[in-house]
Amino acid sequence: MLTIKQLRDDREAAIRRLAKKGVDAASVIDKIEKLDDRRKAIQHELDEMLAQQNQASKQIGALMGQGRREEAEAKKAEVAALKERSNALNAEFKEVSDALQAAIVSLPNFPADIVPEGKTAADNLVVKMVEDHRTLPEDALPHWELARKYDLIDFDLGVKLTGAGFPVYKGKGARLQRALINFFLERNTRAGYLEIEPPIMVNEASGFGTGQLPDKEGQMYHATVDNFYLIPTAEVPVTNIYRDVILDEKDFPIKMTAYTPCFRREAGSYGKDVRGLNRLHQFDKVEIVQLSLPEKSYAALDEMVAHVETLVQALELPYRILRLCGGDMSFTSALTYDFEVYSKAQKRWLEVSSVSNFESFQANRLKLRYKDANKKTQLAHTLNGSSLALPRIVAALLENNQTPEGIRIPEALIPFTGFDLIK
RNA sequence: GGAGAGUUGGGUGAGUGGCUGAAACCACCAGUUUGCUAAACUGACGUACGGGAUUUCCGUACCGGGGGUUCGAAUCCCCCACUCUCCGCCA
């Protein structure tokens, strides 16, 4: 969430920036200013009242100690009257604070200045395009056909065991999953990311910290008996490691990577988008997370994008990098780059990574702070990205590397798969 | 799952319902002393919000989380979470 200071310091700029995300924030900001003023006024009055009560209570103690009972009783009556008023004020304080919080939480993050204007995916800016000039056979198959042909993935069996969107990987299909996970983790740890194996269920506080709760409650699987949520991404547990933490300036940058299965209910999806591996309820992903000093977060973002690019290149996939436009970016992001790989058989681009800088938006919710050179407590910046998500990478690998002999494994992956061809 | 004991500031740990936002010790930071290091001594040493001043200041809240009793709660009561010990169960 944004800070009140961010909104109040330059109201016009705030409105202009939020407009890029398609939000008309003027009325909400007005409301926030009014509530903030009201909150301050109430607190001032309430604090004074409580100070009086505290003082009176001390006097009562002293009077009792001296055996001056009657005077003490008179004071008690005085406090009772004060208390009645302060209770009412306190109730109003809570009400105003809650309304203020609700209003602030309703606003998305400011997009960075270089975010393109636009409403939909069509307005995203292609910042890099790397094509592949290999040609596929005429009768090239989509990955779900290839998965069946080579007995790599059984979607129907997943339906039997659980339901749609929970595929069963078999044989070389399963081995390919494991190889990709290891390959990504290996590359990430070599690039300085600390490997983490986090819980894949989290509590409510963690869900709130990274912004999944309360807004996206319906998108997560919820184990209601224990009130735990299955994570939609490793970002949730990994970033929450630093919830309520005050770091030192010299602790930065903090770089972490984690493999986890991810669970998404994907309520409302249908059609070709969910065919095969394109959209699943459970999938594997390796994530990278960075915590950064504010002045260095954009350099960190560039570094992360460059790193993810080396992975896609190593897999020899045609890809492009998009800078998302204001209308297509997530609620919490300030700047996002998407990686898409081209699926020749499906003739479409598949998103395989999304790398974002959240600036202080998540940190404010998480209370993730640091002491600056002047010993002042400041919000840190958080960033994360997929590095990488498996299903669509697998889809692209199968489709783009199909040959009459079988499916060719990219050179860099062979040490991890232990085979160079799926036939 | 059952029974018992716990949860206090970065750490250890004290705390008869008022003099405790919290002793003491350790760590950290600044300074004095010193040829350097060490030691010793001195001082500072939580977070958030609000008010004032924008260098010192004041108020309020916070002793796992939430509620309650009381003029007054770290201290008493209730609920929840977590930790430890024992029993049970189990990969």
Side-chain angles (χ1 to χ4, degrees), chain A residues 1-9 32-105 197-209 213-214 222-229 237 240-252 254 360 363-380:
Chain A
M1 62 191 193
L2 294 166
T3 61
I4 293 174
K5 191 168 156 45
Q6 281 176 300
L7 293 167
R8 296 200 76 154
D9 276 359
I32 287 170
E33 290 188 347
K34 284 202 186 84
L35 287 168
D36 189 37
D37 289 340
R38 181 77 191 122
R39 192 191 98 250
K40 287 181 186 176
I42 294 174
Q43 187 180 341
H44 190 56
E45 200 183 337
L46 182 61
D47 282 356
E48 274 182 4
M49 240 179 247
L50 292 173
Q52 279 182 50
Q53 286 177 38
N54 287 341
Q55 222 179 353
S57 291
K58 278 192 180 142
Q59 288 169 6
I60 291 169
L63 292 170
M64 298 285 261
Q66 294 162 26
R68 293 150 73 181
R69 288 203 74 98
E70 272 171 39
E71 287 168 74
E73 289 303 326
K75 273 279 176 211
K76 278 193 194 181
E78 195 181 299
V79 173
L82 271 171
K83 204 173 168 181
E84 203 169 310
R85 279 194 292 149
S86 68
N87 280 346
L89 209 54
N90 192 38
E92 193 188 349
F93 183 77
K94 267 190 186 152
E95 210 173 283
V96 170
S97 299
D98 289 351
L100 180 60
Q101 174 78 0
I104 295 169
V105 165
E197 185 179 310
I200 59 174
M201 292 181 123
V202 294
N203 58 27
E204 230 177 307
S206 294
F208 179 82
L213 292 174
H222 187 190
T224 53
V225 175
D226 295 295
N227 199 25
F228 293 151
Y229 293 87
N240 270 283
I241 291 173
Y242 288 92
R243 165 157 51 85
D244 287 322
V245 169
I246 299 179
L247 292 159
D248 205 271
E249 219 174 11
K250 65 177 187 297
D251 297 329
F252 294 96
I254 291 174
S360 63
N364 191 29
R365 277 193 170 210
L366 289 160
K367 296 199 172 55
L368 193 189
R369 294 160 295 173
Y370 71 98
K371 295 271 192 202
D372 69 14
N374 303 317
K375 306 261 183 203
K376 273 195 74 180
T377 307
Q378 309 276 7
L379 290 171

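The basis for the numbers below is simple: all heavy atoms, side chains too, and nothing from hydrogens, waters or symmetry mates. Naming: A, B, ... by sequence-line order, numbering from 1 per chain.
- The separation between A:D248 atom CG and B:rC29 atom P is 10 Å, rounded to whole Å.
- With both pairing distances under 3.5 Å, B:rU60 is matched to B:rA48 as a Watson-Crick or G-U wobble pair.
- When heavy atoms are screened at a 4.0 angstrom cut-off, A:A56 is found touching no nucleic acid atom at all.
- Nucleic acid contact for A:L50: sugar-phosphate only, since backbone atoms but no base atoms lie under 4.0 Å from a heavy atom of the residue.
- Residue A:E48 contributes atom CD, which lies 11 Å from atom P of B:rG51 at whole-angstrom precision.
- Whole-Å rounding puts the A:Q59 CD to B:rG18 P distance at 18 Å.
- In this structure, A:K5 pairs ionically with A:D9, as a charged nitrogen and a carboxylate oxygen lie closer than 4.0 Å.
- Proximity of A:Q52 to A:E78: side-chain heavy atoms (C-beta onward) are nowhere separated by under 4.5 Å.
- Residue A:I42 contributes atom CD1, which lies 13 Å from atom P of B:rG50 at whole-angstrom precision.
- Atoms NZ (A:K40) and C1' (B:rA48) sit 14 Å apart, rounded to a whole Å.
- Pair assignment for B:rC86: B:rG2, on the basis of Watson-Crick or G-U wobble contacts that are both within less than 3.5 Å.
- Straight-line distance from the CG atom of A:N203 to the P atom of B:rG65: 15 Å, rounded to whole Å.
- Here the side chains of A:S360 and A:Q6 are in contact, with some heavy-atom distance below 4.5 Å.
- The side-chain tip of A:R365 points at the ring of A:F208 from less than 6.0 angstrom away and within 45° of straight on.
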